[in-house]
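Proteins come first, then strands; the chains are lettered A, B, ... in the order of their sequence lines, and each starts at number 1.
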Protein chains: 2
Amino acid sequence: MHTKNIHAHLDEIKDCFQTAVSVDCVIFGFDNTALKVLLIESDLKEYKGSWSLLGNIMRPDEDLDEAAYRVLRERTGLEDVYMEQIQTFGALKRHPAGRVITVAYYSLVNIEHVALKKHNNELHWHTVKDIQHMAFDHKQILDTCYERLKRQLIEQPIGFNLLPGKFTIRDLQNLYEAILDVKLDRRNFRKKFLSLNVLEDLNEAQEAVSHRPAKLYKFNFEKHELQKKRFLGIGF
Amino acid sequence: MHTKNIHAHLDEIKDCFQTAVSVDCVIFGFDNTALKVLLIESDLKEYKGSWSLLGNIMRPDEDLDEAAYRVLRERTGLEDVYMEQIQTFGALKRHPAGRVITVAYYSLVNIEHVALKKHNNELHWHTVKDIQHMAFDHKQILDTCYERLKRQLIEQPIGFNLLPGKFTIRDLQNLYEAILDVKLDRRNFRKKFLSLNVLEDLNEAQEAVSHRPAKLYKFNFEKHELQKKRFLGIGF
DNA sequence: TCAAAAGTGTTTGTAATACACCCATGA
DNA sequence: TCATGGGTGTATTACAAACACTTTTGA
């Protein structure tokens with residue numbers, strides 16, 4: 001067997017360095033009623049009037065994940081938010097400017113923490129369910145990320161990332177119902193979450209509501225014994 | 001807001017076309033005892049003696065997914081096998097030849113259907129559990145794909161892809177036990193799978209075994225009512 | 001005192017788990 | 001006839017699902 005050195009290898013593949021890699025961030029927020037996604041007006045003539053995800057080309061000198069965090073940081077000013085790589089989209093004609101494959105991430109942010117700056121006035125929060133068309137293949141990317149979010153929401157306690165630091169159990173239930181598009185029983189939902197040992201009672205209550213005020217909780221990551229009861233059984 | 005045409009956009013990003021995109025295939029097989037993965041001896045001097053996944057650079061004129069199928073086809077002669085994109089790895093120094101990000105796929109094949117050709121004599125099936133080191137970041141990729149496989153195996157009936165067309169329920173259980181590294185109750189396992197309505201009884205039996213011969217089954221995709229009982233509840 | 005949402009407990013159904021005996025075959 | 005693994009049924013347990021009334025607050 002022959003071996004090749006790096007340079008022989010580089011030479012062999014140099015024709016393949018014609019492809020750009022981009023990252024696209026599906027930034028989800030929740031406004032207490034519906035799941036939102038942060039979009040920008042497309043700056044490509046071909047897609048004028050369409051909305052697109054927040055993305056950018058990955059720089060040759062930065063990690064892939066770092067590129068995604070950079071996009072998020074530049075657009076929202078946020079750091080240390082929940083973010084997950086979801087899928088890479090590499091269809092041939094997906095970008096009119098040439099061969100660009102894109103790695104899609106989604107992140108969950110507290111919508112109140114996103115201060116849209118003046119120079120970001122092309123940015124808007126859109127209701128996910130109302131979105132029909134987007135630029136590029138971004139609708140497909142959004143759909144994929146939304147499906148993954150729904151699945152994650154069922155399997156891991158990540159919904160907190162979309163809520164303010166203090167929230168009521170009803171807030172949490174509203175979030176689940178809105179994102180999963182289901183109706184849940186109040187008593188069972190409450191029972192379930194309280195038994196999970198992830199909610200810390202702040203001993204505070206809602207104020208200025210014209211009904212019995214609800215208790216406020218915060219999420220306590222430490223308390224969560226991850227995957228404590230992982231199914232031994234087969235779940236299908 | 002100003003708009004840019006494609007060419008302005010291309011110009012802006014042209015410095016970023018310095019990154020190659022590769023695909024790496026984690027090809028899993030099962031030899032009735034242990035989970036195997038098909039590896040090749042690295043042809044890079046830097047990794048001489050190490051094993052690596054089967055991969056290749058994506059061509060600028062082919063779909064990303066097609067590149068993965070091409071690698072699989074070229075190496076195993078197989079088509080139409082189970083294959084899934086898992087994750088994209090894009091750390092800065094992951095490839096010594098330059099900036100190469102790689103999209104990892106795993107596929108499940110019937111190990112008996114893979115005829116390793118003469119010119120593929122650097123290819124070998126390795127027992128997944130015994131693998132300690134690999135070239136590049138391929139161990140990390142393998143680990144990621146293996147974790148995903150385990151999860152998928154619990155949630156979807158995909159194990160069949162690793163088995164011959166005719167198999168016994170015990171074969172299937174061996175597969176689950178080996179991959180998930182658990183012991184399962186024979187009676188419950190059988191009950192579970194028979195109730196799933198995905199096994200078609202071939203009315204054939206094992207031959208030449210020195211004990212009561214087991215029935216042979218095949219998987220019947222049509223019968224499987226996908227996600228019929230999808231949890232409404234929350235699974236963590 | 002009324003409206004509106006918060007808070008609580010019990011019952012029921014379903015599915016996973018644990019477990020022991022008989023059956024068919026080749027040696 | 002024996003050794004080996006195949007095939008079956010039931011009791012128990014755990015958890016999700018269904019369901020109704022009392023409590024607290026502001027108006």
Side-chain angles (χ1 to χ4, degrees), chain A residues 32-33 153-155 157 163 166-178 180 182-218 225 227-236, chain B residues 32-33 153-157 163 166-178 180 182-218 224-225 227-236:
Chain A
N32 238 351
T33 303
L153 205 60
I154 289 171
E155 297 186 351
L163 291 175
K166 301 177 181 183
F167 54 86
T168 68
I169 292 182
R170 165 59 62 122
D171 292 334
L172 192 57
Q173 185 177 343
N174 285 343
L175 182 146
Y176 271 80
E177 292 188 339
L180 299 176
V182 292
K183 276 286 164 199
L184 299 172
D185 182 86
R186 271 174 52 236
R187 290 158 289 195
N188 293 335
F189 185 85
R190 167 179 296 268
K191 200 187 316 173
K192 177 76 186 176
F193 265 89
L194 289 177
S195 74
L196 282 174
N197 210 27
V198 292
L199 297 181
E200 184 170 327
D201 188 341
L202 292 169
N203 293 310
E204 294 178 62
Q206 285 180 313
E207 289 176 14
V209 288
S210 74
H211 55 77
R212 176 170 175 175
K215 285 177 158 188
L216 293 173
Y217 293 85
K218 71 168 185 175
E225 302 144 40
Q227 295 179 335
K228 179 178 59 178
K229 357 176 182 172
R230 189 61 198 153
F231 348 75
L232 296 168
I234 296 155
F236 52 86
Chain B
N32 238 354
T33 304
L153 204 60
I154 289 172
E155 297 186 352
Q156 298 288 334
L163 291 175
K166 300 177 181 183
F167 54 87
T168 68
I169 292 183
R170 165 60 62 122
D171 292 335
L172 192 57
Q173 185 177 344
N174 285 343
L175 182 144
Y176 271 80
E177 291 187 339
L180 299 176
V182 291
K183 276 285 164 203
L184 299 173
D185 182 87
R186 268 173 55 235
R187 290 158 289 194
N188 294 334
F189 185 85
R190 164 179 297 270
K191 201 188 315 174
K192 176 74 186 176
F193 265 89
L194 289 176
S195 74
L196 281 175
N197 209 28
V198 292
L199 297 181
E200 185 170 327
D201 188 341
L202 291 171
N203 293 313
E204 295 178 59
Q206 284 180 312
E207 288 176 13
V209 288
S210 74
H211 54 77
R212 175 170 175 178
K215 285 177 158 185
L216 292 174
Y217 294 85
K218 71 169 185 175
H224 183 231
E225 300 144 40
Q227 295 178 333
K228 179 178 60 176
K229 355 175 183 174
R230 188 62 198 148
F231 346 75
L232 297 168
I234 296 156
F236 53 83

Q: Rounded to the Å, how far apart are Phe193(A) CZ and dT8(C) P?
A: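 Taking CZ of Phe193(A) and P of dT8(C), I get 17 Å after rounding.
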
Q: What's the spacing between Phe189(A) CZ and Lys183(A) NZ if we round to 0.5 Å?
A: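 Atom-to-atom, Phe189(A):CZ and Lys183(A):NZ are 12.0 Å apart.
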
Q: I'd like to know if the side chain of Asn174(A) and the backbone of Asp171(A) have a donor-acceptor N/O pair within less than 3.5 Å.
A: no

Q: Return the CZ to CZ distance between Arg190(A) and Arg187(A), rounded to the nearest 0.5 Å.
A: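 Those atoms lie 11.0 Å apart.
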
Q: Cut-off 3.5 Å, no hydrogens considered: what does the side-chain donor-acceptor table look like for residues 202-214 of chain B, sequence neighbours left out?
A:
unit_1	atom_1	unit_2	atom_2	d
Glu204(B)	OE1	Lys166(B)	NZ	2.9
Glu204(B)	OE2	Lys166(B)	NZ	3.0
Gln206(B)	OE1	Ala214(B)	N	3.0

Q: Is Glu177(A) reaching over with its side chain to a backbone N or O of Leu184(A), donor-acceptor style, under 3.5 angstrom?
A: yes

Q: Is any side-chain heavy atom of Phe193(A) closer than 4.5 Å to one of Ile169(A)?
A: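 With C-beta onward as the side chain, the pair stays apart.
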
Q: Nearest whole Å is fine: how far is dT8(C) P from Arg170(A) CZ?
A: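 Distance check: Arg170(A) CZ to dT8(C) P gives 14 Å.
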
Q: Assign Arg190(B) to base, sugar-phosphate, or nothing according to its heavy-atom contacts below 4.0 angstrom with the strands shown.
A: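 Base, at least one base heavy atom under 4.0 Å.
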
Q: Rounded to the nearest 0.5 Å, how far apart are NZ of Lys192(A) and CG of Leu172(A)?
A: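 One finds 12.5 Å between NZ of Lys192(A) and CG of Leu172(A).
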
Q: In whole Å, what is the span from the CD atom of Gln173(A) to the P atom of dA17(D)?
A: 13 Å

Q: I'd like to compare against my own output: the B/S/- annotation of nucleotides 19-27 of chain C with a strict under-4.0 Å heavy-atom distance to protein.
A: BB--BBBS-

Q: What is the distance from CG of Leu216(A) to P of dA6(C), rounded to the nearest Å?
A: 12 Å

Q: Take the protein atom CG of Leu194(A) and the nucleotide atom C1' of dG9(C), then report the distance between them rounded to whole Å.
A: 14 Å

Q: Rounded to the nearest Å, what distance is computed from the CD atom of residue Gln206(A) to the C1' atom of nucleotide dA4(C)?
A: 12 Å

Q: Kindly say whether Leu153(B) contributes a backbone atom to a donor-acceptor pair with the side chain of Tyr176(B) at under 3.5 angstrom?
A: yes

Q: Give a yes/no on whether any side-chain N or O of Lys192(A) is located under 4.0 angstrom from OP1 or OP2 of dA16(D).
A: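 So the side chain of Lys192(A) is within the cut-off, an N or O lying under 4.0 Å from OP1 or OP2 of dA16(D).
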
Q: Taking atom P of dT14(C) as reference, at what distance in whole Å does atom CG of Leu196(B) sit?
A: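 Interatomic distance, CG of Leu196(B) to P of dT14(C): 17 Å.
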
Q: Atom CD of Glu207(B) to atom C1' of dG6(D): distance rounded to whole Å?
A: 16 Å

Q: Would you name the heavy atoms of Tyr217(B) and Leu199(B) that are closest together and state the gap between them?
A: CD2-CB, 3.8 Å

Q: What stems show up for DNA chain D when you take Watson-Crick pairs (N1-N3 plus N6-O4 or O6-N4) and G-U wobbles (N1-O2, O6-N3), both under 3.5 Å, and require three or more consecutive pairs?
A: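 Detected stem regions: C:1-27 with D:1-27.
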
